[in-house]
There are 2 protein chains.
Amino acid sequence: MLPERNSTKARRTRANIIESALSLFREQGFDQATMREVADRAGLAVGAAYYHFRTKDEILLALYESTIDDALERARFKSAKSADFADRVKDTLEFKLSLLKPFRDFLGPLAGHALIPGSALSPFSDESSEIRAREMQLFSSIIHGSSLKVASEFKQHLPRLLWLYQMSVIAFWLRDTSTGQSRTLRLISISLSLIMKLFAVTRVPVLRQANGLILSLLELTEPDNSEKQAACA
Amino acid sequence: MLPERNSTKARRTRANIIESALSLFREQGFDQATMREVADRAGLAVGAAYYHFRTKDEILLALYESTIDDALERARFKSAKSADFADRVKDTLEFKLSLLKPFRDFLGPLAGHALIPGSALSPFSDESSEIRAREMQLFSSIIHGSSLKVASEFKQHLPRLLWLYQMSVIAFWLRDTSTGQSRTLRLISISLSLIMKLFAVTRVPVLRQANGLILSLLELTEPDNSEKQAACA
DNA sequence: CCTTAAACTCGAACCTGTTCAGATATTTGC
DNA sequence: GCAAATATCTGAACAGGTTCGAGTTTAAGG
């Protein structure tokens, strides 16, 4: 891990670099902008940038984090308007997308890391666990504040599921070339209707036989229990 | 686009490069192996390698393609053993994963391109449409040779859906750290059971009301109808 | 054969992310 | 205020993917 970097100066320099990076990324895209340019615009040498950020990607991650950070609070407020689960999720997702919109053009390269197993930038990685936890927390509050009815055994998995759903929506949105990404908005509203129907179905007695399957699928995809066997040895 | 490169010599050189790359990637991993080494081992200068392949990643793609190519035929044969749809899909997926296994460690970088919108290496891109079409064709033959019963309006979407399912399985497999990726095998069998149940449900009269939703979701995610509006103008 | 254009190959040079051995600034202990 | 310790910064050097102008080989036509 990097040293503290918590002094006022370090924080200011970091902010300075992030700001320069943001404007450059906006102007030229993530790939085109070079670290030398970022450092130049911040009035620093490359080495200084690498003193505060391990990699170029990490600057992008910090950028994302600083944007999403206060956004989470606003999203929580925004979603509280209705008690209907689907409405709340819809509001939240649309709000998040509107926040991400300015970055859409250079978020693509970042998304590429999602599937690369070792990447620190993957939303599944340890490095981004903090921000992931914060996002899931938002979904938790959305669930608990709503009037959602779903088979009780699924409750504990819902935040992660919702987060996964959000990631899929974002992945679709990044590749959505329709004007204003209107297609994504339709995707959200249709898929949410379906999800609600699915939730309803899990409570129908005749169909509950499938719940066991769903549950084992959920447990199978849980990230942290891969060492359970190792611990027994 | 690159020129023809279809002469005997070009084909031989390409094969030569691919072979060198494969052995090097196996020995050192994709990232560690340098283009200079690949070229050296093939008895060429770097420039020659770049005459035949636009990028390092493209060599990996060619590698993947040459592996998957004859595999598709064998997979078709393999899946024909049973008439049960789920069994056929399961056999095919497991067979494909067994083929990909030797590449698993260095397939990550390739997967990374999947989500990057403009990437030529994305499995969604125009450039890889040929291999995608061939894979979907396999799924078509799996469907048509089986005793699958599903609401008729979904039939036309099944190959693409199955292909998407395959991609998800592979994405999971790439990040699956359980010994022998046993977890992925369980994922396949559980998710297939669920999918079969879902198929059954689409034919239950009371629940058919959801079919319209599903159908519009399927059409929304179709890749080629993004220009329909533009064509009207 | 010889000519010539196209296909192919070469390898030095380029570009850009990253590192590192030292400056320079800032803080801390006294 | 001062010296040691620590934090911050510098810019040259490195590494590896990629480009490119200049050769060399091959194929076709005469």
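Within every chain, numbering begins at 1; the chains are lettered A, B, ... in the order of the sequence lines, protein sequences first and strands thereafter.
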>> Counting only heavy atoms not in A:E19 (residues, nucleotides, ligands), do more than 12 fall under 6.0 Å from its CD?
In response: no
Could you check how far [atom1] of [X] sits from [atom2] of [N], rounded to whole Å?
{"X": "B:R12", "N": "D:dT26", "atom1": "CZ", "atom2": "C1'", "result": "12 Å"}
{"X": "A:L44", "N": "C:dT24", "atom1": "CG", "atom2": "C1'", "result": "14 Å"}
{"X": "B:N16", "N": "C:dC8", "atom1": "CG", "atom2": "P", "result": "14 Å"}
{"X": "A:F53", "N": "C:dG17", "atom1": "CZ", "atom2": "C1'", "result": "16 Å"}
{"X": "B:L24", "N": "D:dG16", "atom1": "CG", "atom2": "C1'", "result": "14 Å"}
{"X": "B:R11", "N": "C:dA7", "atom1": "CZ", "atom2": "P", "result": "15 Å"}
{"X": "B:D31", "N": "C:dG17", "atom1": "CG", "atom2": "C1'", "result": "14 Å"}
{"X": "B:F25", "N": "D:dG17", "atom1": "CZ", "atom2": "C1'", "result": "12 Å"}

> Touch check for B:A33, heavy atoms < 4.0 angstrom, all strands: base, sugar-phosphate only, or nothing?
Replying inline: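 Sugar-phosphate, no base atom in range.
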> If you look at every strand shown and take non-hydrogen atoms under 4.0 Å, does B:A42 touch a base, only sugar-phosphate, or nothing?
Replying inline: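 No contact.
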> Hey, what do you get for CD1 (A:I143) to CD (A:Q156), rounding to the nearest 0.5 Å?
Replying inline: 11.5 Å
Phosphate contact ([N] OP1 or OP2) by [X] side-chain N/O below 4.0 Å:
{"X": "A:Y51", "N": "D:dC9", "value": "no"}
{"X": "B:H52", "N": "C:dA7", "value": "no"}
{"X": "B:T13", "N": "C:dC8", "value": "no"}
{"X": "A:T55", "N": "C:dG17", "value": "no"}
{"X": "B:K56", "N": "D:dG17", "value": "yes"}
{"X": "B:Y50", "N": "D:dT19", "value": "no"}

>> Let me spell it out: for each of B:G47 and B:T8, pick the nucleotide of DNA chain D with the closest heavy atom. Which residue's pick is nearer the 5' end?
In response: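 Closest to the 5' end, via its nearest nucleotide, is B:G47.
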>> A cation-pi test, strictly: NZ or CZ of A:R160 under 6.0 Å from the centre of the six-membered ring of A:Y165 and no more than 45 degrees from its axis. Yes or no?
In response: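 Here A:R160 fails the 6.0 Å and 45° test against A:Y165.
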>> Set out, in order, the CA-CA distance, both residues' side-chain angles and the distance that settles side chain to side chain contact (heavy atoms under 4.5 Å, CB included) for A:F77 and A:E73, then state yes or no.
In response: CA-CA 6 Å; A:F77 173 76; A:E73 209 42 52; over 6 Å; no
>> Taking the minimum atom-to-atom distance to the side chain of A:T34, which one of C:dT16, D:dC9, D:dG17 wins?
In response: C:dT16
> Among C:dT18, C:dC10, D:dC9, which is the nearest nucleotide to the side chain of A:R36?
Replying inline: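 Selected nucleotide (nearest to the side chain): C:dT18.
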> Relative to the 5' end of DNA chain C, which residue comes earlier, B:V46 or B:K9, by the nucleotide with the nearest heavy atom?
Replying inline: B:K9
>> When you compare the side chains of B:R186 and B:S178, does any donor N or O come within less than 3.5 Å of an acceptor on the partner?
In response: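 There is no such pair (donor and acceptor under 3.5 Å, judged by atom type) between the side chains of B:R186 and B:S178.
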